[in-house]
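The shown structure was predicted, so the numbers you read here are calculated from the model rather than taken from an experiment. Only this structure's heavy atoms are used, side chains among them; waters, hydrogens and symmetry mates stay out.
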Amino acid sequence: VQGTGGSSAVSKCSAAARGYIQDRFLRLLVGRRRRRRAPLVHRGYYIRARAVDHCVQDFLLKTQSHPRTQILSLGAGFDSLYFRLKDMGLLHHTMIYEVDFPNVAQQKAALIKRTEELSALVGSSEGEGLGVITFSGKDYKLLGVDLSELSQLERALEEAGLDTEITTLLIAEVVLTYMENSRSDALIQWAAEHFSRACFLLYEQMHPEDPFGHVMQQHFNQLNSTLHSVAQYPDCEAQQKRFLAKGWTECIVMDMNEFFTCCTPEDEQQRVQTLEPFDEYEEWHLKCSHYFVLAASKGMEPSWTPLLPSMRVPHDAVGVAGSVPAVRAMHSDTSGLRRYGHCSVLLKRDVILTTGGFGEEDGQHCRMRNFHVLIKHAGCWKAGCVKKENTDKSWDERLYHTVSCVSSSLALVVGGRTSPSSAGLGMLWLKFPETCNALDPGDITVKLVSLQPAAEPATLRWRHSTTEVMFKGKKYLFVYGGRSALEPVLGDWYFLHAQELSCAGIPVEGPIPESRHSHTACSWKGGVVIAGGLGAAEQPLGSVFFLKELEHGFQWLTVETHPPLVPRYSHTAHVHDGKLVLVGGVWFHTSSVPGITVIDLMSGLCLDYMINVEHLEWPLMLHNHSSVFLPNEEELLIIGGGGNCFSFGTHLNPEPVSLSLSNILTT
């Protein structure tokens with residue numbers, strides 16, 4: 001548990017070094033342990049620090065007319081809160097008490113004493129080392145005591161001079177969850193009973209039972225720092241009821257997606273979103289949906305409401321029309337399909353090609369070099385590598401590209417990227433033998449042919465869509481949306497001639513859809529159906545559009561769904577018999593995990609189905625995956641999926657999963 005505190009301090013220091021957090025004291029408290037963290041971790045610790053600072057400064061502002069106030073930081077570790085507030089001149093009448101394990105408090109006290117910049121702010125220590133008080137300044141006291149021993153904590157605070165009649169803010173930043181629930185409950189109740197006017201700020205994890213939550217719990221279990229509270233208090237509602245039952249009169253809770261959206265100014269959101277090249281939106285939003293900030297109070301006049309309940313986005317429950325069982329699609333070796341950000345396409349009946357992405361190859365996590373095929377024979381799927389010709393720099397081991405079958409022996413790769421800071425990649429032909437009937441994947445050869453067509457600039461993008469459309473009896477590829485190294489979201493489109501790949505100037509009328517990436521696009525009635533995606537403000541979209549073929553061009557039409565489609569992105573989609581089938585994705589205005597959504601494109605009826613995973617032995621993550629629909633069998637094959645689960649490790653779905661959709665497509 002103490003190790004998690006040190007790791008958090010290092011991560012916050014790294015975030016500060018990249019400009020996410022304005023905190024010059026973290027580097028002094030971390031010392032030589034400094035490490036450069038990934039952009040995803042920077043964002044995660046930014047939102048944590050932002051939430052705590054937001055609530056603390058709101059408390060100080062609302063109580064500035066009080067003659068004296070106190071802040072009690074529980075499990076403070078090497079946090080820099082006191083030094084930042086002191087440096088900002090916000091502690092004119094506020095005393096700060098920090099509590100942590102005795103050895104942590106002693107280490108921090110020694111660090112303060114030998115660091116001139118820190119000791120100059122806090123002043124000389126008065127009677128240091130007396131009992132549990134490891135450092136005692138004019139407006140700062142550092143105590144070494146185990147929080148789970150409530151009687152010891154109460155005696156130590158009394159000895160340090162804590163005044164229960166003064167308005168007090170208690171802070172527990174990923175602390176209480178490491179305690180047994182009976183002990184953390186007792187501490188919450190003790191605080192409510194002990195102080196006449198008090199506020200409580202809590203930040204920690206939730207949602208332990210979904211796929212991301214499983215990976216999160218496994219990570220902390222491996223660190224021998226089990227998350228105790230998540231089982232009994234798994235969501236915001238349960239945490240709110242907990243505090244109200246323990247004596248707090250007001251309590252509001254929100255997850256970190258909601259906090260970032262509702263409590264962070266737009267200019268600050270934009271600043272953070274442009275600090276570093278970033279392309280891990282799914283993992284960022286999933287991390288934020290698994291952490292919450294809670295503000296509780298009692299005896300406060302006026303009420304303490306730092307989380308702006310008037311701006312809250314309602315978390316509506318999704319009505320479930322039924323469930324679809326997920327089963328293992330095969331029992332042979334499918335290790336080459338453990339990947340995300342890839343693309344899978346049905347080359348011909350019973351032959352599926354999967355290319356690109358990030359996954360596991362030769363025992364290492366890397367951008368995938370090999371192409372894999374699934375071949376169905378005698379009712380069973382078999383997986384394996386295919387042979388490649390001309391494998392020079394033309395493939396570039398790309399992610400978030402598209403592959404479109406132009407014929408049974410020719411497929412076109414459009415776009416993709418290597419790194420989010422690099423320019424998008426162009427186009428590439430994949431040529432197959434005319435007779436691709438091999439029963440062994442190793443007998444299939446793919447020839448790679450680089451292209452430099454006039455349309456190349458239109459395809460330097462990723463997280464886009466490429467869809468076949470028909471106009472005046474001719475076939476075109478419709479490239480839409482996505483993002484590039486320079487533009488975080490694109491809303492333009494191009495019609496490419498299917499053979500010569502030059503751009504065609506086909507008129508399009510109607511209301512232009514909002515720019516988006518990570519959406520889906522499916523061919524239907526000669527046009528294309530666009531659904532969902534991530535918009536310019538990094539917010540999921542719930543709109544559905546149909547690009548309809550007209551005599552003189554195309555027209556954008558809005559597809560009204562009822563009930564409204566829950567906004568989502570990073571899903572996959574297929575159209576079958578006039579029904580749009582959406583598979584998985586990421587959303588954050590509801591507490592459940594996306595499963596299967598079926599939209600009747602004629603009536604707009606939108607039905608959600610959960611995916612029953614009881615027959616699977618692993619968490620099934622349905623983002624950054626690919627899926628292939630087999631129309632004759634009305635079977636859906638889900639391939640790959642997963643990603644970097646914040647700092648908890650990488651999860652890759654280990655093998656393809658099969659879903660039979662015949663029941664829900666006939667309702």
Side-chain angles (χ1 to χ4, degrees), residues 277-282 336-337 339-345 347 352-359 361 365-372 386 388 390-406 410-431 446-453 455-468 477-490 492-494 496 501 516-521 533-534 569-572 623-628 639-644 652:
F278 188 80
D279 201 32
E280 295 176 286
Y281 305 102
E282 294 87 353
L337 297 174
R339 59 178 79 191
Y340 67 87
H342 55 287
C343 185
S344 298
V345 63
L347 293 180
I352 298 170
L353 174 71
T354 296
T355 61
F358 185 93
E361 207 165 67
H365 285 163
C366 60
R367 294 194 300 273
M368 302 295 278
R369 298 179 294 272
N370 294 327
F371 292 3
H372 284 74
V386 301
K388 289 189 294 183
N390 299 355
T391 55
D392 53 11
K393 288 289 185 179
S394 57
W395 173 238
D396 289 310
E397 300 164 12
R398 60 187 78 193
L399 292 81
Y400 301 118
H401 55 293
T402 61
V403 180
S404 303
C405 283
V406 177
L410 195 61
L412 181 69
V413 179
V414 176
R417 68 158 175 86
T418 51
S419 141
S421 60
S422 302
L425 305 173
M427 292 191 284
L428 188 69
W429 281 121
L430 304 181
K431 294 188 176 182
V446 182
K447 184 177 182 181
L448 282 64
V449 181
S450 297
L451 293 168
Q452 294 295 331
E456 185 84 2
T459 64
L460 299 179
R461 61 185 67 208
W462 66 89
R463 290 182 177 265
H464 57 289
S465 58
T466 305
T467 318
E468 181 182 305
L477 295 176
F478 180 71
V479 179
Y480 171 74
R483 61 155 301 183
S484 68
L486 298 178
E487 297 293 337
V489 62
L490 298 168
D492 57 350
W493 59 81
Y494 296 87
L496 303 182
L501 301 181
R516 66 192 67 205
H517 64 72
S518 309
H519 55 283
T520 55
L534 200 64
Y569 71 101
S570 196
H571 52 292
T572 54
H623 61 272
N624 282 329
H625 60 287
S626 65
S627 63
V628 173
I639 300 169
N644 296 317
L652 303 171

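Contact record, S404 with L477: CB-CD2, 4.2 Å, taken as the closest heavy-atom pair. Taking every heavy atom of both residues into account, E282 and R463 meet most closely at OE2-NH1, 2.8 Å. The minimum heavy-atom distance linking S344 with I639 is given by the pair OG-CD1, 3.7 Å. Of all heavy-atom pairs between G640 and H625, the closest is O-CB, 3.6 Å. Shown here for V479 and A458, the closest heavy-atom pair between the two residues is CG1-O, 4.2 Å.
Side-chain contact, H342 with S626: a donor N or O sits under 3.5 Å from an acceptor N or O.
Residue L412 holds its CG atom at 11.5 Å from NZ of K431, rounded to the nearest 0.5 Å. Taking OG1 of T355 as the start and CZ of R398 as the end, the distance is 8.5 Å to the nearest 0.5 Å. In this structure, NE2 on H623 lies 11.0 Å from OG on S518, to the nearest 0.5 angstrom. Note: R461 CZ to R417 CZ = 16.0 Å, rounded to the nearest 0.5 Å. Of the inter-residue distances, the one linking L399 atom CG with Y340 atom OH reads 7.0 Å to the nearest 0.5 angstrom. To the nearest 0.5 Å, atom CG of residue L496 and atom CE of residue M427 are 5.5 Å apart.
Here the side chain of Y281 pairs no donor or acceptor atom with the backbone of Y569 at under 3.5 angstrom. Without hydrogens or angle criteria, R339 side chain to G356 main chain gives a donor-acceptor distance under 3.5 Å.
Under the side chain to side chain contact (heavy atoms under 4.5 Å, CB included) test applied with L425, the options L460, T459, V414, T418 reduce to a single match, T418.
You'll find the ring centres of H517 and Y400 outside the 6.0 Å limit.
Looking at heavy atoms from C-beta onward, S465 lies in side-chain contact with H519 at the 4.5 angstrom threshold.
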